[in-house]
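Worksheet for the structure shown next.
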Number of protein chains: 2
Amino acid sequence: MDKTALQILEQHSIRPSVQRIEVVSYLYHNRIHPTADEIFNALNGTIPTLSKTTIYNILKLLEDGGVVKHINIDEKNVRYELIIGEHAHFRCDNCSRIFDIPAPTSKHNLPEGFTIRESDTYYQGICPECSKKPIV
Amino acid sequence: MDKTALQILEQHSIRPSVQRIEVVSYLYHNRIHPTADEIFNALNGTIPTLSKTTIYNILKLLEDGGVVKHINIDEKNVRYELIIGEHAHFRCDNCSRIFDIPAPTSKHNLPEGFTIRESDTYYQGICPECSKKPIV
DNA sequence: AATAAATTTGTAATGAATACAATATTATAA
DNA sequence: TTATAATATTGTATTCATTACAAATTTATT
Ligand SMILES: [Mn+2]
Ligand SMILES: [Mn+2]
Ligand SMILES: [Zn+2]
Ligand SMILES: [Zn+2]
């Protein structure tokens with residue numbers, strides 16, 4: 001049982017359960033911005049009775065509770081991560097992995113009247129590993 | 001028939017057709033970042049035989065040809081726009097409209113080895129109109 | 001222990017996007 | 001022009017991520 005995951009849930013007043021702890025623990029230890037399906041497949045081994053609906057339920061609960069954030073960089077699936085300090089995302093055109101990148105230092109040129117709640121920066125290009133390999 | 005739309009297609013060496021001209025024309029005159037479905041519904045009146053598959057086919061063709069760009073700010077549907085000068089996007093939490101916003105002046109803090117092909121900035125918050133109205 | 005509340009689970013439904021084959025249109029050759 | 005090939009559109013079926021919903025299970029309260 002993951003003490004850190006339990007603490008994260010308690011800090012956000014979300015009642016812990018085996019499934020919730022496992023989801024948070026997975027996100028804490030796997031900073032790969034997984035899809036709901038990837039989380040399900042990763043946890044289905046340790047929780048054989050797990051349902052995919054539970055994953056969706058928990059992700060919604062965690063998002064409403066301010067524990068996770070979803071990422072729309074991929075048009076196929078929604079991806080998730082634990083909310084940590086501000087940062088941007090880089091998706092590699094070649095290997096499709098999503099990297100955490102330091103946030104740009106930006107001066108936003110917002111017209112009069114717009115109020116920002118959230119600002120997301122998405123990069124696409126080639127990651128360091130794929131730059132070295134010749135693209136097949 | 002829209003002369004401008006025809007020119008845009010010709011400039012990108014895409015053979016014109018009634019359907020292609022109408023799609024480009026719609027995007028040119030309606031800067032609302034529509035979904036494939038919205039485009040279909042808008043054009044189905046003037047082209048009664050239109051198929052939704054055609055809209056998807058054309059949007060893919062236009063994107064490959066460098067005429068349009070898709071936007072992932074909305075997790076439900078992919079949205080489209082004509083490629084114009086660089087700018088950011090603002091999605092209103094209240095009315096869900098997507099606004100063009102001047103691009104931020106950013107200094108990107110990319111680690112060694114990453115090569116950017118594209119960079120997108122998405123804002124979320126409240127638009128000027130919705131700021132005035134009381135939220136029901 | 002009994003009851004109520006919360007959580008998980010399985011199944012069915014939704015809906016955007018894609019696959020694919022048939023039809024229609026346009027271009028090229030004869 | 002007519003025949004033939006290439007291209008484009010259309011309709012239908014399929015895929016698959018996500019949601020809806022009700023039954024079953026687990027946990028909390030009396
Ligand atoms: Mn991240
Ligand atoms: Mn735009
Ligand atoms: Zn890569
Ligand atoms: Zn608004």
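The sequence lines fix the lettering, A, B, ..., with proteins before strands; numbering per chain opens at 1. No experiment lies behind these values; they were computed from the predicted model shown.
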Q: Look at the side chain of B/Thr54 and the backbone N and O of B/Leu50, then say whether any donor-acceptor pair between them is shorter than 3.5 Å.
A: no
**Q.** Partner residues of B/Ser96 under the side chain to side chain contact (heavy atoms under 4.5 Å, CB included) criterion, sequence neighbours left out
**A.** B/Arg91
(Q) From CD of A/Glu38 over to P of D/dC16, roughly how many Å is that when rounded to an integer? (A) 15 Å
Q: Quickly work out the A/Asp74 CG to D/dC16 C1' distance and round it to whole Å.
A: 14 Å
Q. Once each nucleotide of nucleotides 11-26 of chain C is scored for protein heavy atoms under 4.0 Å, what B/S/- sequence comes out, 5' to 3'?
A. B----SBBBB------
Q | A/Glu22 side chain to A/Gln19 backbone, donor-acceptor under 3.5 Å | A | no
Q: Please report, rounded to the nearest Å, how far the P atom of C/dT9 is from the CD atom of A/Glu22.
A: 12 Å
Q. Should the ring pair B/His89 and B/Tyr122 be called parallel, tilted or perpendicular, given that the plane angle runs from 0 to 90° and is split at 30 and 60?
A. tilted
Q.
I'd like to know whether B/Asp74 forms a salt bridge (Lys or Arg N to Asp or Glu O under 4.0 Å) with B/Arg79, so could you lay out the CA-CA distance, the side-chain angles of the two residues, the decisive distance to 0.1 Å, and finally the verdict.
A. CA-CA 8 Å; B/Asp74 176 359; B/Arg79 297 181 167 276; 3.4 Å; yes
Q: Select base, sugar-phosphate, or nothing to describe what B/Gln19 touches, counting heavy atoms under 4.0 Å on all strands.
A: sugar-phosphate
Q | Distance-only side-chain donor-acceptor flag, B/Ser25 / B/Asp2, under 3.5 Å | A | yes
Q) Should B/Ser17 be listed as having a side-chain N or O under 4.0 Å from OP1 or OP2 of D/dT9? A) yes
Q: Scan side-chain atoms only and decide if B/Glu81 and B/His87 contain a donor-acceptor pair under the 3.5 Å cut-off.
A: yes
Q.
If I take atom CG in residue A/Asn41 and atom P in nucleotide D/dC16, what distance separates them, rounded to the nearest angstrom?
A. 14 Å
Q.
For the helix from C/dA1-D/dT30 to C/dA30-D/dT1, what angle separates the axis at the start from the axis at the finish, each from five pairs, in steps of 10°?
A. 10°
Q. Can you tell me if B/Asn41 uses its side chain to pair, donor with acceptor, with the backbone of B/Asp37 under 3.5 Å?
A. yes
Q) A/Val67 pairs by side-chain contact (heavy atoms from CB on, under 4.5 Å) with which of A/Leu27, A/Ile58, A/Ile8? A) A/Ile8
Q | Nucleotide C/dT8, atom P - distance to CG of A/Leu50 in whole Å | A | 9 Å
Q. How many Å lie between CG on B/Leu61 and P on D/dT7, as a whole number?
A. 13 Å
Q: Take atom CD of A/Glu63 and atom C1' of D/dT18, then tell me their distance rounded to the nearest Å.
A: 14 Å
Q | Separation of atom CD1 in B/Ile55 from atom C1' in D/dT9, rounded to whole Å | A | 11 Å
